[in-house]
Amino acid sequence: NGGQVNDLFRLRMSSKYIDYIEFFQGTAPGLKTLDQQAWEDVEFSGTGPVSDPLKVELSRQSGGTVHQAKSLTLRIAQGVIHGSVYYWQLPGVCGGASKGKILRIKPDSAQTDEFFQSGTCWGCHTVSRDGKEMMATFEEGSPFPLQTIDLTQEPAVLGNIQTSTGLKGTFSAYNDDNTRILFSNNGGSNNSSATFLQIVDSKTGQYVQQNAIGPACGEGAWSPDGTKIAAICNLVGGSWTFDASDGDLQIVDWDKVNDTLGASSIIVPKGNLPGRPAYPSFSPDSQYLAYGRPTTGSRSTGNGTLWLVKADGSGAVELKTAQSGGDKNFNPVFAPKGAGGYSWLVFISRRDYGNQMVGQNRQQLWVTAVDDPPGVGDPSHPPFYLRGQQACGKSENAYYALDPCKELGEECLYGIDCCNGQCVYDEMQDKYVCGEPDPNECVQTGNACKEDEDCCDFPDVQCIQGFCQPPAPK
């Protein structure tokens, strides 16, 4: 801040194994975007966020005067957050676009990807666990129809469930093996207090359960292990579930073998805190749920806070570090897999972004690390702005999902890229491909595993969330 056009800057980033220095000419207001390769060189040069912090120092020369350097310390997790963020851009922004749309962005990308052209306003989306399919709501009549989208195609195309299938509602969730979809039949005559959660076959759209949990339930989520469903129930007020002023976070067991519901309990009541629980999201290990407490239904237009709770309802804690002292934070959603010893949450926030977005009170997406497993107290960390989203837009309802997995023989970088979880070196092709490893050998870091001892580098690397990776930093 305070810089002038053509000021000269010296950026230095140093840690145990790197000393990066770059000189550049500034802009007003000041902004420096590091080259992606240079950032990766810095990012992966260290030994961890605790053992090897990164010191960042910026010096400025303006009008012949050299100002005192400013510095701060960053702590970089040694891991890659896999997958993409699919989010809804609200209508009426970025030149007055009249239709809301879903955009896709990778955390290491500098721009969004409009992967599907719908021709109408669409949103309220979710993505299958394998990243191959999306379900979304389209503004075509009332109640709104639900359709699936095949994400394996470029550009994406409509999937098996289309308007003619007859499913109508908002907000959905896939089960662990992508064979079932949970959604709310909210819309039309089904106001928030008359809304049911329904479950269908993901290929045919045939009903499996037409009344899961009970009436007045919406905003459903399915645990990654497929054994639990969470939702906001006892909704009161408003035609849309997201306008309901009251509601409780409820959880119910699911029998995957018999497609039946089990025991149900309220784990976070509305209570006396501001707002109500909204949009629950399970952690990758299914042991925790993140949720928001917005004060205007579950919209992001009022105030809101971020919370984490165990799946049994104990240990609810506000994520104050992620909120950075603000009260305009909403809809936290877990990334599908942890990285660098942390879980990761993407959320909406109406906060300032440095000197680039000041006083605009605009919804944008931020990402925070969460200790894995969470300890006593607030497990969140200072968040970062998700680069690539359109600054002129309003970013809503982010959903973090893996990219479509690759089949045997396709080139890969990590085991998580592959449908079978195994990225192996092929000597004949001199490259890594999705393949079948030698069953008599240990599992390489980054590939799928069943127990700690499977991993070649155990105990330094352990079987965490189904893949060999380093444990949380000490």
Side-chain angles (χ1 to χ4, degrees), residues 124-135 146 148 160-161 165 167 169-186 190 195-235 241 247-269 277-291 308-316 332-337 343 399-402 450 465-466:
C124 305
H125 58 287
T126 188
V127 181
S128 60
R129 303 290 177 186
D130 59 7
K132 292 185 174 183
E133 188 175 87
M134 170 184 285
M135 174 169 267
L146 289 157
T148 54
N160 292 331
I161 296 176
T165 309
L167 301 183
T170 60
F171 295 111
S172 50
Y174 284 82
N175 70 341
D176 57 319
D177 62 6
N178 315 303
T179 60
R180 301 287 183 263
I181 305 176
L182 170 79
F183 68 93
S184 162
N185 70 348
N186 184 217
N190 295 327
T195 292
F196 291 88
L197 290 173
Q198 301 183 316
I199 299 173
V200 296
D201 183 284
S202 64
K203 301 305 178 189
T204 66
Q206 295 297 307
Y207 284 99
V208 176
Q209 288 276 349
Q210 289 191 277
N211 181 6
I213 305 182
C217 288
E219 302 173 14
W222 216 317
S223 65
D225 65 7
T227 65
K228 296 182 185 299
I229 292 172
I232 307 302
C233 294
N234 305 316
L235 294 168
T241 55
D248 306 314
L249 174 51
Q250 192 163 325
I251 197 166
V252 60
D253 293 333
W254 175 256
D255 184 336
K256 298 191 295 183
V257 176
N258 299 304
D259 277 341
T260 55
L261 296 158
S264 176
S265 62
I266 294 174
I267 63 170
V268 180
Y279 295 122
S281 173
F282 281 95
S283 61
D285 62 4
S286 303
Q287 299 301 305
Y288 292 83
L289 290 107
Y291 62 97
L308 186 75
V309 67
K310 290 183 180 179
D312 63 5
S314 64
V333 177
F334 275 103
K337 295 292 182 182
S343 296
Y399 191 90
Y400 220 134
L402 294 177
K450 294 183 178 179
Q465 297 172 15

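- From Asn175, atom CG reaches atom CG of Asp225 across 11.0 Å, with rounding to the nearest 0.5 Å.
- Gln210 and Phe196 get closest at one heavy-atom pair: O-CB, 4.1 Å.
- With rounding to the nearest 0.5 angstrom, the SG atom of Cys217 is 9.0 Å from the CD1 atom of Ile232.
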Full working for side chain to side chain contact (heavy atoms under 4.5 Å, CB included) between Leu308 and Phe334: CA-CA 11 Å; Leu308 186 75; Phe334 275 103; 3.7 Å; yes
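- When all heavy atoms of Gly218 and Leu235 are compared, the closest pair comes out as N-CD1, 3.7 Å.
- The closest side-chain heavy-atom distance from Ile181 to Leu167 is not below 4.5 Å.
- With rounding to the nearest 0.5 angstrom, the OG atom of Ser265 is 9.0 Å from the CG atom of Leu249.
- In this structure, Asp259 pairs ionically with Arg180, as a charged nitrogen and a carboxylate oxygen lie closer than 4.0 Å.
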Verdict with supporting geometry, Phe171 and Tyr279, ring-ring contact (aromatic ring centres under 6.0 Å, His included): CA-CA 10 Å; Phe171 295 111; Tyr279 295 122; 5.3 Å; yes
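- Proximity of a side-chain donor or acceptor of Asp248 to a complementary backbone N or O of Ile266 within less than 3.5 Å is not detected.
- Nearest heavy-atom pair across Ala335 and Pro284 is O-CG, 3.5 Å.
- Shown here for Ala316 and Tyr291, the closest heavy-atom pair between the two residues is CB-OH, 4.0 Å.
- Between Val200 and Thr165, the closest side-chain pair of non-hydrogen atoms is not below 4.5 Å.
- Counting heavy atoms from C-beta on, the side chains of Lys228 and Asp253 come closer than 4.5 Å.
- A donor-acceptor pair under 3.5 Å links the side-chain atoms of Thr148 to the main chain of Ile161, judged by distance alone.
- With Cys233 as the fixed residue, the side-chain contact (heavy atoms from CB on, under 4.5 Å) test singles out one of Ile251, Ile213, Val252: Ile213.
- Closest non-hydrogen pair, Asp176 versus Arg129, comes out as O-CG, 3.6 Å.
- Once rounded to the nearest 0.5 Å, the distance linking CG of Asn160 with OG1 of Thr204 reads 9.0 Å.
- The number of heavy atoms from other shown groups lying within 6.0 Å of NZ (Lys310) does not exceed 12.
- Heavy-atom minimum distance, Ser172 versus Thr126: OG-CG2, 3.0 Å.
- Atoms CG and CD, on Asn211 and Gln198 in that order, are 8.0 Å from each other to the nearest 0.5 Å.
- Side-chain contact between Tyr399 and Met134: absent, with no pair of heavy atoms (C-beta onward) separated by less than 4.5 Å.
- Of the possible polar contacts, one joining the Asn190 side chain to the Asn185 backbone as a donor-acceptor pair under 3.5 Å is found.
- Take Cys124 and apply the disulfide bond (SG atoms under 2.5 Å apart) test, not counting sequence neighbours, and it matches no residue.
- By the 4.5 Å heavy-atom criterion applied to side chains, Leu261 and Gln209 are counted as neighbours.
- Counting only distance, with no hydrogens or angles, the side chain of Ser223 and the backbone of Ser286 share no donor-acceptor pair below 3.5 Å.
- The shortest side-chain heavy-atom distance between Thr227 and Trp254 does not fall under the 4.5 Å cut-off.
- For the pair Ser184/Leu197, a side-chain contact is recorded, criterion being any heavy-atom separation below 4.5 Å from C-beta on.
- Distance check, rounded to the nearest 0.5 Å: OG1 of Thr179 to NZ of Lys203 gives 9.0 Å.
- Between Tyr207 and Phe183, the ring-plane angle classifies as tilted under the 30° and 60° cut-offs.
- Between the Asp285 side chain and the Gln287 main chain, a donor and an acceptor come within less than 3.5 Å of each other.
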Carefully, step by step, assess Gln465 and Ser343 under the rule side chain to side chain contact (heavy atoms under 4.5 Å, CB included). CA-CA 10 Å; Gln465 297 172 15; Ser343 296; 4.2 Å; yes
